Each structure stands twice: as C-alpha cells, then as structure tokens.
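Input: a single structure, listed below in structure tokens.
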Amino acid sequence: MITSRTGGGPVTATQPLGGYVSDQLLRLCQAMGLEPSDGEIYARVLTDCLGPVAERPLDEPPSYPSFLSDDHTPVEYSLAFVPDAPPTLRVLLEPGYGAEGLAENGRVGLRVVRAMAERWGFATDQLDRLEDLFFPPDPEGPLALWLALELRPGGVPKVKVYLNPAASGADRASETVREALDRLGHRQAFAALPRADGYPFFALDLGDWETPRVKVYVTHRNLAAADAGELSRTDPGPRPETVREFLRVAAGLDSSPRHPGAGNGVRLEGRPVLSCHSFTESGTGLPSGFTLHVPVRDYVRHDGEAYARAVAVLRRHGMDTAALDRSLATVTSRLLHDGVGLIAYLALVYERGRPPRVTAYISSEAYAVRPPL
Ligand code: TRP
C-alpha cells in the first residue's frame with residue numbers, strides 16, 4: 001500500500017532517478033562533513049553504478065521491483081555511529097537494477113564490482129572463488145548482487161558486496177552458505193551459526209579494509225527479546241541484556257517504563273529481525289562480530305516514532321544524534337509523521353573488543369512514501 005511520492009527535495013515530474021539520488025547523496029555528504037570534492041566523486045560513482053537506468057524519469061514506475069527498499073528505489077543510505085567520533089555515511093545500491101532479468105542483473109553487478117576493483121586497486125579473488133555458487137545460469141530470489149560503499153574522506157570508498165544464498169533455490173541456501181564459507185577457509189563457521197529461518201544475504205568486504213570480513217545474515221521469525229540475547233556467537237560477546245534492551249527499545253516493547261524487561265517475551269510477528277555474523281579469521285571457528293538488525297518500520301505507526309526509537313538507542317550508547325537529524329532533513333522535506341519507512345532498520349553492531357555501535361538505515365523514497373498507519 002504505497003502511494004506515489006509526496007516528500008523529498010524539489011522534484012519535477014521528469015527528474016531522473018540518478019539525479020534525484022545523487023542530489024540526496026551530495027547533500028548527505030555535506031551534512032556529514034565530507035569535502036565537496038569527495039561528495040561530487042561519490043555522487044558520480046552512484047549514478048555511474050546505476051548505468052542507463054539513472055536517466056529514467058521518476059514518474060515512470062520502477063523498472064523492476066527491487067527488494068533493496070520498500071518503494072523499490074535501488075539505493076539506501078545508512079549512518080554508522082560510534083561513540084566519540086562522527087558517524088560514517090554509507091550507501092547501498094543495486095548496480096544491476098536496470099538489467100533485463102536476474103541473471104543479467106548479476107552479470108552487470110559483477111562487472112561494476114570488477115571495474116571498481118580496477119579503478120581503486122583492490123582484489124576480487126574472494127568473490128571470484130564464489131562466482132559459480134551465487135551466479136548460476138538461472139538464478140532465483142530477490143536479488144543477485146548489491147554493493148555497499150563506505151564513503152570515507154578522500155574519494156575512495158570501502159566496498160562491500162552482498163550476494164544471494166538462495167540463488168540456486170531457497171532450499172539450497174544453507175548448503176550454499178556452508179560451501180561459500182568453506183571455500184573462503186572458514187570451515188567451522190557454519191556450525192557456529194545460530195538456528196536460522198533463512199539466510200537472506202552473504203556479504204564480503206572487498207578493498208582496503210584492515211580486517212576484511214565474511215558476513216552471514218540469518219533470519220529470525222517471531223523473535224522475542226529474550227531469544228535475541230542468545231544469538232551472538234562471538235567470544236567474548238555483547239552482554240545479552242544489551243542486545244535484549246536494544247531490541248525492546250527499537251521494536252517498542254518497553255511500553256511500561258516501570259517494568260523494564262516486561263517486553264522480553266513479546267514475539268515480533270511482522271518483518272523478521274536479522275542477525276549478522278562476521279568472520280575475520282578461521283582459527284577459532286567463531287565469528288568476531290555480531291549485528292542485530294531490527295526492521296523498525298514494521299513496528300511503528302510513522303517515522304516520528306521510528307526517529308524517537310533511533311534517538312533512544314543512540315543516547316543509550318552514548319552517541320550524538322545531531323548527524324541523524326541533519327541527514328534526515330537532507331533526504332526528505334516531508335514531516336516524519338507523514339509517512340513510515342524513512343528509517344528502515346536500526347542495528348546494534350558488536351565487534352569483539354569494541355564498544356557497541358549503532359547503525360540507522362535511511363530510505364531514499366525516490367518513488368514513493370508509505371502513508372502512516
Ligand atoms: N529491503 C530489504 C529488507 O528490508 C533488504 C535491506 C535493505 C536490508 N537494507 C537493509 C536488510 C538493512 C537488513 C539491513 O530486508
């Protein structure tokens with residue numbers, strides 16, 4: 001139930017998708033304190049990645065129903081907050097969005113990644129080793145390849161690639177994940193994962209990372225906060241109460257302030273929570289990182305509520321909320337109460353030996369704003 005767009009910057013009916021999202025990204029870069037020259041580079045990278053479909057006017061319906069965002073815009077922004085430092089801006093995108101069919105979508109995605117590898121001088125050997133697993137001739141599923149760029153100062157992004165474990169069928173997804181982990185040398189990793197209702201994504205860090213990660217995303221249907229505290233497999237891990245509390249606050253389960261924790265048993269029956277387990281070394285067989293992704297948009301009436309949840313979790317973890325305010329205002333001019341889905345997910349990110357971080361995912365809403373409930 002999505003109506004046509006009502007918010008955003010000044011839109012003319014014929015404004016192209018590429019212009020719309022690159023303007024958003026330019027403003028976001030500025031709001032996050034990146035140099036204007038870096039913002040211009042990143043805005044250009046974004047439109048180049050989308051290819052010819054960037055020229056498509058926004059008043060023409062999306063060329064294919066991308067699963068990347070609810071209104072099918074093939075772009076989503078995120079802010080990764082850390083205590084005591086400015087947050088990092090990232091952008092997730094689907095380079096094969098304009099392609100005819102999922103197989104071609106994947107081929108375009110691979111081509112774009114390899115062109116980036118050439119341009120910025122990083123290796124793609126890990127991805128090359130998995131190509132037959134994730135790019136079968138007749139792929140299935142909601143995506144073929146997504147890219148995330150971490151927009152650092154200097155105009156050279158860090159790159160992450162998201163692949164679809166269900167490419168050869170949803171019933172083969174667990175086998176595909178196990179085989180992919182194996183091929184990358186993580187032979188004990190699959191056994192370490194918690195019980196799963198599905199494996200929506202398999203992700204790789206490519207490019208200039210200190211410790212590149214292999215990440216497995218796990219779906220948890222009807223999760224309760226009580227269970228969420230037990231999902232991490234890192235050692236040491238986050239405090240279970242930290243994870244439970246995050247879920248309760250993000251999903252709005254702590255309705256009675258006099259009984260904190262009363263929401264622990266409530267199951268989330270809407271869009272499922274995802275956990276992500278990141279592997280950096282194969283010595284222990286255990287992941288070094290754990291993330292809990294809460295699709296906050298499914299558990300609020302409007303973005304005013306989602307915003308309040310984001311602020312609550314950021315404050316709880318000692319992070320400044322000013323960058324969130326500035327970012328939301330650059331992405332859309334609509335009132336938060338006038339729609340739902342601008343804040344798509346809130347995530348709690350734990351990496352061994354570091355204080356927890358928080359990530360907020362911000363929708364472009366280039367095509368549509370979902371009305372509030
Ligand atoms: N739109 C998809 C979903 O809601 C995929 C997705 C986009 C996603 N951004 C995300 C999943 C951030 C987890 C976290 O699942």
Side-chain angles (χ1 to χ4, degrees), residues 2 21 24-25 28 46 62 64-81 87-97 102 105 109 141-150 160-167 170 173 196-205 213 215-221 223 228 231 246-247 250-251 268-278 289-300 303 306 309-310 313 324 327 331 340-350 357-370:
I2 289 183
V21 293
Q24 282 180 323
L25 191 67
L28 276 168
L46 177 59
Y64 115 104
S66 174
F67 168 61
L68 195 143
S69 66
D70 291 356
D71 73 336
H72 311 308
T73 308
V75 173
E76 182 183 79
Y77 312 104
S78 60
L79 301 181
F81 293 86
T88 312
L89 173 63
R90 296 109 50 99
V91 58
L92 175 68
L93 65 117
E94 178 161 17
Y97 176 66
L102 203 57
N105 183 315
L143 77 150
L145 184 153
W146 293 345
L147 259 178
L149 306 175
E150 204 170 299
K160 297 180 265 191
V161 177
Y162 294 81
L163 306 172
N164 169 26
D197 294 312
Y199 299 94
F201 314 107
F202 187 92
L204 293 174
D205 289 344
R213 300 157 302 175
K215 299 192 287 183
V216 181
Y217 287 76
V218 175
T219 305
H220 306 284
R221 297 201 185 286
L223 190 76
L231 292 176
F246 171 77
L247 185 83
L268 297 184
E269 291 171 355
R271 193 183 293 268
V273 169
L274 307 179
S275 66
C276 173
H277 308 266
S278 62
F290 167 78
T291 303
L292 197 73
H293 291 277
V294 179
V296 59
R297 66 197 186 283
D298 255 39
Y299 300 95
V300 292
D303 279 305
R309 308 255 182 97
V313 298
L324 178 67
S327 302
V331 168
V340 61
L342 181 64
I343 304 179
Y345 275 91
L346 291 173
L348 183 76
V349 185
Y350 176 83
R357 293 178 286 147
V358 171
T359 307
Y361 292 81
I362 303 175
S363 306
S364 163
E365 299 188 333
Y367 287 117
V369 174
R370 189 188 307 173

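Residue numbers start at 1 and run along the sequence shown. The structure displayed is predicted, hence computed values, not measured ones. We count ligands from 1, going down the list as the structure has it; atoms in each ligand are counted the same way.
- Ordered by chain and residue number, the residues placing a heavy atom less than 4.0 Å from ligand 1 are Phe67, Leu68, Glu76, Leu92, Trp146, Phe201, Arg271, Leu274, His293, Arg297, Tyr345, Tyr361.
- Taking a cutoff of 4.0 Å between a charged side-chain nitrogen and a carboxylate oxygen, Asp298 and Arg271 qualify as a salt bridge.
- Looking at heavy atoms from C-beta onward, Leu348 lies out of side-chain contact with Val313 at the 4.5 angstrom threshold.
- When Val218, Leu163, Leu274 are each tested for a side-chain contact (heavy atoms from CB on, under 4.5 Å) with Phe201, only one passes: Leu274.
- No option in Asp303, Asp70, Asp71 other than Asp70 meets the salt bridge (charged side-chain N to carboxylate O under 4.0 Å, His left out) test with Arg297.
- Checked by atom type and distance alone, the side chain of Asn105 never pairs as donor or acceptor with a backbone atom of Ala144 at under 3.5 Å.
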Check step by step if side chain to side chain contact (heavy atoms under 4.5 Å, CB included) holds for Leu342 and Ile362. CA-CA 6 Å; Leu342 181 64; Ile362 303 175; 4.1 Å; yes
